[in-house]
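All residue numbers refer to positions in the sequence shown, counting from 1. Computed from a prediction, not measured in an experiment: that's the story for all the values here.
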Amino acid sequence: MIKYTLKCKDGHEFDSWFASAGAYEAVRSGGHVVCAVCGSESVEKAIMAPRVATARTKAGAPDHGGERPLSTPVNEAEAALSKMRADIEKNATYVGGSFAKEARDMHLGDVPDRPIWGEANAKEAKALIEDGVPVAPLPFVPTRKAN
């Protein structure tokens, strides 16, 4: 895993973790890296200081380099997103890659309405919106779950 500090054109800085440098480039080139504060798609890596292993980290003690753990919200917006994510994961069914089909079937009355969340590519999402299916993008990357 690699952590990058990212910065949008409006100067908002935020941290994000990626599986690798290549994974960051793939996500960025796909247009999926957006500012966590304002939603701007104009985001670049900010200048970062390298982390150096200390005797403490080599001994196995946790060392956050003076940083807060990433699980701790840094501001009200991040706390609200964290709560939203928890509420969605608790109260809605994850349908994975079949989100577009499930949402369309509910809209057409072919299956009972229920809260769902999942994944759709840009073409599927655009078609749902054009057909009047009430959907909205999540402001976070879903945790992969198995039903």
Looking at [atom1] of [X] and [atom2] of [Y], how far apart are the two atoms once the value is rounded to the nearest 0.5 Å?
X	Y	atom1	atom2	answer
Lys7	Cys35	NZ	SG	11.5 Å
Lys45	Tyr24	NZ	OH	5.5 Å
Lys83	Leu81	NZ	CG	12.0 Å
Ile88	Ile116	CD1	CD1	12.0 Å

Checking Glu102 against Arg114 for the side chain to side chain contact (heavy atoms under 4.5 Å, CB included) test, could you report, in this order, the C-alpha distance in whole Å, the side-chain angles of both residues, the deciding distance, and whether it holds?
CA-CA 10 Å; Glu102 292 283 330; Arg114 70 189 200 280; 3.3 Å; yes
[X] to [Y] - nearest heavy-atom pair and separation:
X	Y	result
Phe99	Glu119	CB-O, 3.4 Å
Leu6	Ser16	CD1-CB, 4.0 Å
Val43	Ser40	CG2-O, 3.4 Å
Gly132	His107	O-CE1, 3.3 Å
Cys38	Cys8	SG-SG, 3.9 Å
Asn91	Pro115	O-CG, 3.2 Å

If the condition is side-chain contact (heavy atoms from CB on, under 4.5 Å), which residues does Val111 pass it with, not counting sequence neighbours?
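Expected list: Asp105, Met106.
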Hey, is CD on Glu41 packed in by over 12 heavy atoms from elsewhere, all under 6.0 Å?
no
If we only count heavy atoms from C-beta on, is the Trp117 to Val95 side-chain gap below 4.5 Å?
no
Would you say Ser20's side chain and Ala23's backbone share a donor-acceptor pair under 3.5 angstrom?
yes
Side-chain donor/acceptor of Ser82 to backbone N/O of Glu78, under 3.5 Å:
no
Under 3.5 Å, is there a donor-acceptor pair linking the side chains of Glu44 and Tyr4?
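The answer is no; no qualifying pair exists.
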Report whether Val27 and Ile2 are members of the same hydrophobic cluster (ILVMFWY, side-chain heavy atoms less than 4.5 Å apart, transitive linking).
yes
Check Lys123, Glu124, Glu130 against Lys126 for a side-chain contact (heavy atoms from CB on, under 4.5 Å) and give me the one that passes.
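Going through the options one by one, the only one that passes is Glu130.
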I'd like to know whether Phe14 forms a side chain to side chain contact (heavy atoms under 4.5 Å, CB included) with Thr5, so could you lay out the CA-CA distance, the side-chain angles of the two residues, the decisive distance to 0.1 Å, and finally the verdict.
CA-CA 6 Å; Phe14 56 98; Thr5 298; over 6 Å; no
